[in-house]
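Here is the naming used below: chain letters follow the sequence lines, and residue numbers restart at 1 for every chain.
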Amino acid sequence: MEALHSARKGGGTLAAGDVSEQLGKGPCLVPRYITANQGVMPCVHSARDMRGFKEVAMKRFGAFLLAGLLLLSVSIANAAEPIKIGAFYSLSGPAAAIGTPTKLVTEMVVEKINKEGGINGRPIELVLGDTESEPTKAVMVAKKFINVDKVAAIIGPDRTDLGMAVKKLIEEAGVPTFMCVGGDPVIMGGGPLGTFKWVFKSPQRSSVAVETLYGHLQKNNVKKIALITASDGFGKDGKGWLEKLAPKFGLTIVADESFNPKDTDMTAQLSKISAAKPEGIVCWTIGPAGAIVAKNVKQLNIQTPLFQCHGLPDPKYVELAGAASDGNKMPSTKLMAWEQLPDTDPQKKVIKDFIHLYNDVYHHDKQFPINAHSGYAWDAIYIVANAMKKAGTDPEKLREAIEQTKDYVGISGIYNLTPEDHNGLGTDSMIIVGIDKGKWHLAK
Amino acid sequence: MAQFIVSGLTTGSIYALIALGFCIIHNATGIVNFTQVDFVSLGGLMMYTFLLGMGLPLVLAFAVAVLVVAGVGALVERFAIRPAKSRAVIILIFITIGVSILMRGTFKILWGKNQMALPHFSSESPLIIFRAAVLPQSLWILSITLIVVILLHLFFTRTRVGKAMRATSFNSRAAALMGVNVNRMIQFSFALSGALGAVAGIIIVPITTLSYDIGVMLGLKGFAAAVLGGYGNSVGAVIGGLTLGVLESLGAGMISSAYKDVIAFTILVAVLFVKPSGILGYGEKERV
Amino acid sequence: MLRVENLEAYYRGNRALKSVSLEVRAGEIVCLIGANGAGKTTLLNCISAVHPDWSGIVSFEGRDVSRAASQARVRLGIVQVPENRQLFGPMTVEENLEMGAYLRASRMSAADLKREMEAIYDRFPPLSNRRKQLAGTLSGGEQQMVAIGRGLMANPRLLLLDEPSLGLAPLVVREIFRIIKEFKQEGRTILLVEQNALGALAISDRAYVLETGRLTLCGEASALMQDHRVRSAFLGQQVTG
Amino acid sequence: MAGRFARSNTMLGLAALAAAIVLFPILIPNPYYLNVANIIGLNTIIVVGLNLLIGFAGQISLGHAAFYGLGAYFSGILTVTYQVSPWLAMAIAVAVTAAVALLIGIPTLKLHGHYLVMATLGFNLIVNIVIVQWDQLTGGPSGFPGIPSLSVGQWAFDSDMKMYFLIWSVAFIAILVALNLVASRAGRGLRALHGSEVAAACLGVRIKSYKVKVFILSAVYASLAGSLHAHYLGFISPKTFDVFFSIELVTMVIVGGMGSIWGVLFGTSFLTSLPNVLHFFDEYKDIFYGLIFVLILIFLPEGVVVALRNKVLAKRESRQRRGSEAEAEEAVQPAVAAIEPSHGSGDIGGRTRRLAAEPILGIRDLHMSFGGLTALAKVSFEVPTGSVTALIGPNGAGKTTMINLISGIYRPYGGTIRFRQNQITGLRPYRLAEMGLTRTFQNVQIFDNMTVLENVMVGMHAGTHNEFFRSMFRLPGFKKEEDLIEQKAWEMLTFFSLEDKAHAPAASLSFGQQKRLEMARALVPSPSIVLLDEPVAGLNMTESLAIASLIDRMRSQGVSVLLVEHDMNLVMGVSDRVVVLNYGRKIAEGTPQEVQEDKQVQSAYLGSVA
């Protein structure tokens with residue numbers, strides 16, 4: 001209902017004045033939106049979320065004005081060229097529910113960086129694109145970023161197959177790209193996967209999530225597990241690691257089922273699993289299918305504990321699975337139970353600030369409550385921005401600077417990147433969270 | 001085994017309801033109406049709004065949601081099908097595809113891209129029947145489907161308008177000669193299939209989840225079910241729906257969950273090859 | 001009662017009826033005869049407003065109904081029993097009859113409806129034990145009876161009968177014509193379209209002959225029966241040598 | 001002459017397209033726009049093929065994304081996993097796709113309407129799931145990476161610009177080949193079966209084989225595009241080849257215009273770039289997309305390009321037509337006149353024959369029933385060679401059933417039909433057409449989607465041989481036969497006084513002209529017998545007279561005629577013999593006069609006083 005409500009509010013046509021007002025301010029340090037008059041095909045670069053845009057514009061018009069005036073002097077003094085960063089996510093198509101909040105966070109962090117003085121005084125100019133959850137479209141957007149907008153760096157996309165689709169192009173063009181995809185092949189080299197010189201990713205490797213979960217299972221004396229995984233890229237990637245790492249943690253896989261992420265009923269698979277009598281069921285999927293699995297487990301009266309993957313820690317999950325989510329456990333970034341972290345944890349403060357900004361200043365939580373993924377785009381952009389501060393926008397230097405990122409305390413973990421490790425997160429970045437009567441808590 | 005059949009019948013009922021919607025419009029107009037899939041989504045979405053957004057009681061929310069979607073169905077006929085300059089079946093079908101895109105775009109804005117959930121109609125704890133765990137919601141689905149099918153049957157055989165609709169679908173010229181307003185009957189059939197889609201959406205959503213495009217996959221399967229049963233044949237639609245649901249479930253349970261759709265669709269295509277007009281379909285008449 | 005003036009009808013862009021004018025007076029049986037393809041059925045469909053493409057004036061009991069839709073004309077009492085019966089095959093005999101009373105049913109009590117239906121069964125005894133049978137499974141003659149019965153259920157003031165004898169065995173044809181004669185005695189007004197010219201002329205008061213979309217002859221039925229021009233309209237000009 | 005004009009129009013179009021292809025990258029060398037153009041090019045290749053299937057042959061497929069996928073995955077897997085040369089891989093992909101299309105096509109294309117749609121859609125779903133699930137081979141849902149660029153020796157197609165020229169060269173050839181096919185015997189056969197399968201079959205078009213062939217051809221187009229896609233992007237994923245893309249492809253066909261190869265260019269460019277343009281509307285993009293699409297279909301159902309073309313044609317037509325109101329009536333006059341003085345092309349039968357003793361058609365004990373109702377009960381009669389024999393009887397007597405039996409549309413339940421020396425009972429219509437038996441139809445079955453000239457050219461289908469391959473690539477021998485077909489068609493049009501209308505759409509003819517056109521089409525292959533099913537029904541007196549003279553003239557050229565007609569003036573005027581049917585039985589036979597005087601006939605026609 002809330003979504004309905006806010007959509008009505010923001011759904012009117014965008015007054016032309018809103019745009020010109022911002023553009024009229026010259027090199028302003030709020031994210032610059034490009035209008036559609038630049039070339040034969042006014043394309044993806046003009047994509048922007050009207051609703052979010054208008055909300056931002058209306059709600060904090062005063063703040064804008066003030067910031068604008070304050071920063072006007074800075075920008076006049078520097079006459080600084082903005083630095084263009086391209087960001088593309090699935091704003092439509094089946095993955096839109098993941099891509100849209102990622103975009104909101106992206107806009108939020110860019111605004112924050114610009115307010116804090118940008119990259120050594122130069123503002124970041126965000127160019128947005130929509131992959132439509134489609135590999136071919138993702139390639140088109142990436143080509144546009146590289147050839148039309150000539151961006152200094154790219155953030156996104158948000159899904160493994162989209163990431164893979166643009167990887168070759170990015171490696172050839174040599175543009176530092178920080179992806180927010182779950183799957184590891186984007187930063188794996190060799191064979192048909194090619195190189196990964198220019199591609200980074202901010203979410204934990206699937207293997208890290210699996211290790212975190214398996215560590216937990218080992219600690220709790222679980223020996224026999226059953227897998228039920230989605231037949232999409234994310235699910236298959238997870239399944240591979242689950243099978244590969246099981247022996248290392250003394251686990252036997254007694255059943256192995258899969259489902260189409262769009263399916264609405266998995267009782268058939270779960271009945272088979274139940275017959276194999278596992279001590280734990282591990283489900284690997286992103287999206288509503290995970291909630292359906294939980295519901296089906298309950299429906300079939302299966303008493304075996306259900307473990308989900310790191311893709312599901314999300315208030316939505318509790319909402320969708322309802323009572324069936326009770327007792328589920330899953331690996332997660334620390335976002336889901338940050339309040340229970342010891343105060344010594346260096347991430348606690350960063351996360352607190354982020355959540356304050358997200359919930360209290362921007363109110364994005366009304367539409368997309370904080371979940372385990374909320375910080376990925378934030379971390380990606382901050383790492384790139386920090387590297388830019390050190391090395392400027394020369395691609396080669398920028399890439400090296402990113403690779404030298406050490407001890408960056410981010411929302412999703414503490415990043416230590418190297419030329420070999422383009423992710424930089426270990427098992428220490430993850431926790432196991434459990435759900436108790438709809439509340440998330442740190443699990444033992 | 002019993003478990004698979006129960007699951008199959010549950011989803012199969014949904015397919016059957018959707019397939020019935022496809023059939024009714026086909027009988028009135030000869031087209032495949034792809035907005036049927038959005039009627040399913042809209043049913044769930046409206047239920048969400050009325051039940052959780054406005055706090056109406058369950059039964060009332062159900063009724064209002066079904067009525068609203070029926071109204072939307074009538075509007076689709078009035079503003080997209082009737083004004084079309086071409087009566088060619090393929091053009092009309094693609095108009096419905098276009099309207100479907102338009103409707104989904106609208107839902108996305110009104111309800112957002114997020115997943116939503118609806119509460120079960122009653123308790124969520126499963127019952128054990130014949131060694132199969134059955135959700136009360138499954139029982140609701142089966143019984144509501146049964147009731148809808150019975151009501152539909154009564155409507156078509158007992159009421160004046162229902163008989164007129166049947167008459168129109170058999171021979172619209174003769175129906176017009178009896179004083180039946182054929183356009184209104186077509187519009188009514190859109191409303192009716194809108195209502196059927198809405199019911200399907202409303203009753204399935206509690207055990208799945210809800211999003212603006214929840215009807216797409218269900219609708220596609222419903223179309224398959226309608227074809228399997230013999231396109232345009234209502235009994236066939238119900239049989240087709242249940243068959244497809246059970247086939248899927250058995251395929252997933254007994255053979256391979258990864259290839260369950262392949263199994264279901266291979267059987268479907270194979271049935272068409274053997275009997276090109278579906279299980280209960282009449283052969284198409286060659287026009288000379 | 002019915003007056004048609006300068007009616008022109010088009011079929012796939014071609015003129016199928018050319019400036020046809022005719023009238024039917026209350027209480028008479030008028031027949032319209034002509035060879036296949038002359039445009040007889042098109043003319044009836046224009047009168048019933050189910051043919052889409054036509055121009056001209058149709059007036060009924062003094063009122064211009066040219067613009068009225070088909071259901072409005074049925075409501076006024078212009079009821080057509082179409083060519084080839086056009087029953088609702090997968091529906092029962094009873095349902096077919098009910099469909100005839102479609103427009104009146106909402107204003108009629110169930111008992112009245114039942115009574116009228118019984119009257120139809122009385123008139124067509126063969127139907128009375130086939131009430132629940134699907135209309136499509138009846139014999140041709142029985143189907144024609146259902147079709148006429150269905151028309152009667154609409155309480156017609158003017159009954160348009162389109163080729164009621166078509167495709168029926170001679171004995172049945174005779175029976176159908178007998179029934180039409182009965183209608184006349186009951187004072188009903190009928191416009192009868194027939195290919196069976198002599199049979200139709202025998203029971204009609206007046207007749208029109210339609211040839212390739214034009215009315216070529218009209219007059220008293222008995223006079224036309226003797227006219228050799230009627231014969232040539234059906235069998236062609238006399239071949240000599 | 002006008003034919004050459006149309007051809008030069010096509011040449012002009014191709015030249016303009018070639019120029020546009022060359023100029024675009026020079027004017028806009030930016031890789032992004034080249035990329036968009038490349039995607040449009042790939043879509044164009046698929047949609048041109050799909051339009052041959054949908055727009056020309058009238059078979060709807062919601063499964064072509066699967067063929068696109070097969071091409072892409074075969075290319076990808078063969079080159080990466082099995083190290084096959086990309087060009088060879090592409091050829092293998094095409095061959096395998098063609099084989100799959102053959103296997104799928106034979107049973108699928110028997111289906112009609114929604115069943116065909118469902119079967120192709122099911123095929124697409126199955127292929128998609130197999131790609132997703134067979135991940136050892138296909139990389140599964142995450143896609144298949146690392147596909148090398150195409151190369152010739154050391155020189156690789158490794159940039160957008162190079163791929164642009166490759167893709168658009170293929171697209172250009174695809175269009176050229178499609179245009180070649182459309183304007184050929186095979187293409188006319190396809191369009192004819194779209195217009196009316198029965199009529200096409202009766203003119204010698206092998207319906208099933210043609211449907212399967214064009215299905216394979218369109219699959220090959222899609223497969224080629226798929227291979228190019230794989231080598232261009234270097235990465236493929238199942239999402240690109242799902243059912244929704246199939247739907248989008250059909251959408252492109254419809255928006256451009258079914259049956260318009262040039263429309264394809266508009267449909268693909270418009271719908272490929274529309275979402276990009278609509279990004280301006282952001283969240284509202286889908287709504288606008290849906291709205292534009294629906295409005296086009298509601299108001300321009302024939303497709304944008306076709307609608308525009310029709311508008312231009314209509315304007316031209318109305319300019320020509322000004323001042324000639326009674327043109328339909330006038331046009332008949334020359335036809336009547338044409339009968340006396342022999343035109344240069346007068347010899348329509350191609351042979352002159354005397355009335356021979358032996359009948360050309362012998363019907364013996366023919367029996368037929370529909371759902372238990374006897375339509376024909378043991379009817380026997382003969383059509384003497386070189387005669388005009390009329391088959392008459394009241395409505396429902398079984399005349400049309402008889403014609404349908406003779407022309408092979410129905411199979412009799414009993415009895416035999418002999419045509420010259422041959423038993424033809426149960427032979428397929430196209431075989432009969434090839435043997436020299438043609439017909440017209442009661443409700444004219446002209447092909448609305450073709451010009452008048454093309455309609456008559458379809459008539460030459462039987463007895464000529466240019467098939468798909470020879471037509472597509474204009475192989476030697478093609479032109480000679482095509483010229484012959486056209487020449488004969490022109491002669492026939494002149495004979496039927498339709499030469500002024502040769503390039504008008506057949507649907508624009510008056511009813512009388514359509515009737516004559518159908519007769520012209522039946523006569524052009526020089527048949528030995530023509531079955532005319534109510535040739536003058538719905539015609540006025542003048543037109544009927546013209547037809548009567550034409551029938552006379554046919555007889556004088558040695559063509560035998562079996563005539564079914566209700567217009568007794570015509571029957572009695574032109575027939576040598578008359579056979580009368582009533583209730584499926586023969587009730588009389590003889591000369592017109594004998595029949596007219598027959599009491600049984602009189603009562604059958606005029607009825608009896610009850």
Region of [X] in contact with chain B, defined by heavy-atom distances below 4.5 Å:
{"X": "D:Ile254", "answer": "side chain"}
{"X": "D:Val127", "answer": "neither"}
{"X": "D:Ile247", "answer": "both"}
{"X": "D:Val250", "answer": "both"}
{"X": "D:Leu125", "answer": "side chain"}
{"X": "D:Leu291", "answer": "both"}
{"X": "D:Phe244", "answer": "side chain"}

Would you tell me whether [X] and [Y] have side-chain atoms, one donor and one acceptor, within less than 3.5 Å of each other?
{"X": "B:Trp111", "Y": "B:Thr49", "value": "yes"}
{"X": "D:Glu518", "Y": "D:Thr440", "value": "no"}
{"X": "D:Arg439", "Y": "D:Asn404", "value": "yes"}

Chain D-proximal positions within residues 25-35 of chain B [heavy-atom distance under 4.5 Å]: B:His26, B:Gly30, B:Ile31, B:Val32
From D:Ile54 atom CD1 to D:Ile60 atom CD1, the distance as rounded to the nearest 0.5 Å: 6.0 Å
B:Leu220 CG to D:Leu121 CG distance, which is reported to the nearest 0.5 Å: 5.5 Å
Flag side-chain contact, heavy atom, 4.5 Å: D:Asn124 against D:Asp242: no
Just give me the residue among [options] that pairs up with chain B most often, heavy atom to heavy atom, under 4.5 Å.
{"options": "D:Ala199, D:Ala119, D:Gly290", "answer": "D:Gly290"}
{"options": "D:Val132, D:Ile287, D:Val294, D:Thr251", "answer": "D:Ile287"}
{"options": "D:Gln133, D:Lys110, D:Glu302", "answer": "D:Gln133"}

Which of B:Val269, B:Leu272, B:Leu92, B:Ile93 touches chain D most, by non-hydrogen pairs under 4.5 Å: B:Leu272
Chain D interface, residue from B:Ile90, B:Leu268, B:Val89 that has the most non-hydrogen pairs under 4.5 Å: B:Ile90
Are the side chain of [X] and the backbone N or O of [Y] linked by a donor-acceptor pair below 3.5 Å?
{"X": "D:Ser246", "Y": "D:Ala65", "answer": "yes"}
{"X": "B:Ser41", "Y": "B:Gly215", "answer": "yes"}
{"X": "B:Glu248", "Y": "B:Val246", "answer": "no"}

Salt bridge B:Asp261-B:Lys221, side-chain N to carboxylate O under 4.0 Å: yes
Under 4.5 Å from any heavy atom of chain D - which part of B:Thr96: neither
Whether B:Phe223 and B:Phe22 hold their rings parallel, tilted or perpendicular, with breakpoints at 30° and 60°: tilted
Geometric class of the D:Phe293/D:Tyr289 ring pair [parallel <30°, tilted 30-60°, perpendicular >60°]: tilted
